[in-house]
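Residues: numbered from 1 along the sequence shown. Whatever order the structure lists ligands and atoms in, that order sets their numbers, starting from 1.
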Amino acid sequence: MTIFVTGGAGFIGSNFIFFMLNNHPEDRIVCLDKLTYAGNLSTLKDIMDSPNFRFVKLDICDREGVYKLFEEEKPDVVVNFAAESHVDRSIENPEVFLQTNILGTQVLMDACRKYGIQRFHQVGTDEVYGDLPLDRPDLFFTETTPIHASSPYSASKASADLLVLAYHRTFGLPVTVSRCSNNYGPYQFPEKLIPLMIANALNDKPLPVYGKGENVRDWLYVEDHCKAIDCILRKGRDGEVYNIGGHNEMKNIDIVKLICKTLGKPESLITYVTDRKGHDMRYAIDPAKIHRELGWLPETKFADGIQKTIQWYLDHKAWWEEIISGDYQNYYQRMYGDR
Ligand code: NAD
Ligand code: TYD
């Protein structure tokens, strides 16, 4: 099979490519990525010369370029990771989120219709369901929970999901959608909670916790997410949505304290800052459907995954130091300067 992986120079897309090359060497992977601030070619350097891998710098909104590549490569499967993915940036500037996340997805699906495809898979997020209250630990997001997005990011991802499902119903396009909880692991851009706190702690910089740090996220090790997507590609049913999560709920403040403890840094680095606008309180996935129908279960416990992740950032300082030495400094100043 030839598999198009969009956004493969980002966090989850790159982990997915490594997973597929290791586990399905018979498949050919073509990575399309615009290389925005979040895309990093150095992540893919070890596989650039692999015979069954090709990298193409391409914006998924570029209809002509996308059609040309479809004509040339004739993909069997498309997995769409390409997106603007950071909530705080979507609050600062929503426009590009709508462009890439919604219109870019449409371009890809139009190409799939034009050239034919076995499966289009949309990588979605649990954030489309909005949030759950902290005092109702019995509630979880299922695939039938109403869409109730809070941020421009989640609204754009919800729109994309709806469009994907509409292309299935209207045009019969063979699609699947997954909605995953928060991922962590190697190669995550250091604007997100876990790598940001690791990088700041290692540099003895303040650790900016939004609000009271009571917000809860349901953390999944990135490799488990990749395995779930692979399962859906091979066994999932067309037109279906699958929630992916591992019942690993943690409060932000507890994660930050755990990072301090593991790195031997004082908790006095923790600084409570102005809360995010519209900040979702709790995300929690019910993964019963993907377990029941496809046999998927998460394999990495949070206690092990977080240690592996911290060790990875210790072992790959050059990767993230390069990132935070560039334009990231301007972003950091804008976001945290007088917060
Ligand atoms: P990321 O920001 O690390 O990577 C996004 C990648 O997409 C980058 O390589 C970027 O260059 C590329 N990209 C952006 N705009 C593009 C465009 N117009 N054309 C081509 N490429 C473009 O994001 P991530 O954390 O790896 O997330 C990947 C996907 O998974 C996203 O769709 C996101 O919504 C979804 N998701 C993420 C999480 C999470 O916890 N990170 C959880 C659930 C779902
Ligand atoms: P993030 O990694 O941005 O993921 P998401 O908002 O998509 O869940 O944030 C995870 C949680 O951590 C979220 O509740 C916001 C919080 N947070 C902080 O407290 N401080 C920070 O500097 C960042 C980036 C996030």
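Here the shortest heavy-atom pairing between Tyr184 and Tyr221 reads CE2-N, 3.3 Å.
Residue contact annotation: Tyr336 has a non-hydrogen atom under 4.0 Å from ligand 2. Distances from ligand 2 to the non-hydrogen atoms of His279 include at least one value under 4.0 Å. Note on ligand 1: Leu35 sits in its first shell, one or more heavy atoms being nearer than 4.0 Å. Every heavy atom of Phe189 sits 4.0 Å or more from the atoms of ligand 1. At least one heavy atom of Gly124 lies less than 4.0 angstrom from ligand 1. Look at Ser181 and you'll find a heavy atom under 4.0 Å from some atom of ligand 1. Using 4.0 Å as the threshold, Tyr153 has a heavy atom nearer than that to some atom of ligand 1. Under the 4.0 angstrom criterion for non-hydrogen atoms, Leu58 is in contact with ligand 1.
The contact set between ligand 2 and Lys192, taken as ligand atoms under 4.0 Å from a residue heavy atom, comprises 2 (O). Near Ala82, with a cut-off below 4.0 Å to any heavy atom, the atoms of ligand 1 are 7 (O), 20 (C), 21 (N), 22 (C). For ligand 1, the atoms lying closer than 4.0 Å to a non-hydrogen atom of Ala9 are 9 (O). Interface of Val209 with ligand 2, defined as ligand atoms under 4.0 Å from a residue heavy atom, comprises 19 (O). Set against the non-hydrogen atoms of Phe81, the atoms of ligand 1 under 4.0 Å away are 28 (C), 29 (C), 31 (C), 32 (O). Atom numbering of ligand 1 starts at 1 in the shown order; those under 4.0 Å from a heavy atom of Asn182 are 40 (O). For ligand 2 and Glu127, the ligand atoms under 4.0 Å from any heavy atom of the residue are 5 (P), 7 (O), 8 (O). Close approach of ligand 2 to His86 is summarised as follows: ligand atoms under 4.0 Å from at least one heavy atom of the residue are 3 (O). Under a 4.0 Å criterion applied to the non-hydrogen atoms of Gly7, ligand 1 contributes the atoms 6 (C), 7 (O), 9 (O), 12 (C).
Looking only at heavy atoms of the protein, atom 21 (N) of ligand 1 is closest to Lys34 N, 3.0 Å. Scanning all protein heavy atoms for the shortest distance to atom 4 (O) of ligand 1 gives Gly10 CA, 3.4 Å. Closest protein heavy atom to atom 18 (N) of ligand 1: Asp59 OD1, 2.9 Å. Looking only at protein heavy atoms, the nearest one to atom 3 (O) of ligand 1 is Phe11 N, 3.0 Å. Of the protein's heavy atoms, Ile60 N, 2.9 Å lies nearest to atom 19 (N) of ligand 1. In terms of protein heavy-atom proximity, atom 32 (O) of ligand 1 is closest to Lys157 NZ, 2.7 Å. What sits closest to atom 11 (O) of ligand 1 on the protein, heavy atoms only, is Asp33 OD1, 2.5 Å.
Comparing Ile12, Thr100, Asp62, Thr125 against atom 37 (C) of ligand 1, the shortest heavy-atom distance belongs to Ile12. The heavy atom nearest to atom 23 (C) of ligand 2, out of those in Tyr283, Tyr184, Tyr210, is found in Tyr210. Selection from Ser85, Cys61, Ala83 by nearest heavy atom to atom 5 (C) of ligand 1 gives Ala83. Selection from Ile194, Leu193, Asn182 by nearest heavy atom to atom 4 (O) of ligand 2 gives Asn182.
Between Asn183 and ligand 1, an N or O atom pair is found at a separation short of 3.5 Å. For the pair Leu32 and ligand 1, the shortest N or O to N or O distance does not fall below 3.5 Å.
With a 4.0 Å heavy-atom cut-off, ligand 2 is reached by the backbone of Glu191 but not by any atom from C-beta on. Residue contacts with ligand 2, taken as heavy atom pairs separated by less than 4.0 Å, do not involve Tyr153 at all.
Ionic pairing of Glu84 and Arg89 is not present here: no N-O contact between side-chain nitrogen and carboxylate oxygen is shorter than 4.0 angstrom.
At a cut-off of 3.5 Å, with distance as the only test, no side-chain donor of Tyr153 or Glu127 sits close to an acceptor on the other residue.
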